[in-house]
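All remarks here apply to the structure that follows.
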Amino acid sequence: EEVEEFHTVRSITEAELAAHRTLDDPGIWIAMNGDVYDVTKFHRIHPGGSQIILQHAGKDATSVFASVGHSQKAKAMAAKRLIG
């Protein structure tokens, strides 16, 4: 039986997103398709390497995420990190 995970999702401003671009506090967030994801810990295990995530930290990464053609598994991994 699958257990559904529920996340607290809140409204995040562009300024708040932009502040989350370093490995130090407050961490790394990226936006995709209007949603914001906390990838502070994930960048280290990202199959495509951490550099691509760090390059888009605090920014919208929709086009780069789409251009790579991520799998359904990758999209599910992202969904677990949705925060806003």
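Just so it is clear, the model here is predicted, and its values are computed rather than measured.
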key: pair I30-K59: side-chain heavy atoms closer than 4.5 Å   = no
note = Here the pair of heavy atoms bringing L17 nearest to A31 is CD2-CB, 3.7 Å
inquiry  = Is it the case that the side chain of R81 and the backbone of A78 share a donor-acceptor pair, with hydrogens and angles ignored and the cut-off at 3.5 Å?
reply    = no
query = Less than 4.5 Å apart, any side-chain heavy atom of D60 and any of M32?
reply = no
query = Hey, are the side chains of Y37 and K80 touching, using non-hydrogen atoms and a 4.5 Å cut-off?
reply = no
task = Determine the interplanar angle of the H20 and W29 rings, folded into 0 to 90°, and report it as parallel if under 30°, tilted if 30 to 60°, perpendicular if over 60°.
result = parallel
inquiry  = I need the H46 NE2 to M77 CE distance, nearest 0.5 Å.
reply    = 8.0 Å
key: Under 3.5 Å side-chain donor-acceptor pair for T22 and D24   = no
query = Hey, quick one: are V68 and F65 part of the same hydrophobic cluster, counting side-chain heavy atoms closer than 4.5 Å, chains of contacts allowed?
reply = no
Side-chain heavy atoms of D38 within contact of I28, under 4.5 Å = no
query = Are F42 and L23 linked, directly or through other ILVMFWY residues, by side chains that come within less than 4.5 angstrom of each other?
reply = yes
Close side-chain approach of V64 and H56, heavy atoms under 4.5 Å = yes
note = Smallest heavy-atom separation, P26 atom then A19 atom, equals CG-O, 3.4 Å
inquiry  = Take a 6.0 Å sphere around CD of Q55 and say whether it holds more than 12 heavy atoms from other residues, nucleotides or ligands.
reply    = yes
query = Should R10 and I83 count as side-chain neighbours, where that means a heavy-atom distance under 4.5 Å?
reply = no
Main-chain N/O of N33 paired to T62 side chain as donor or acceptor, under 3.5 Å = yes
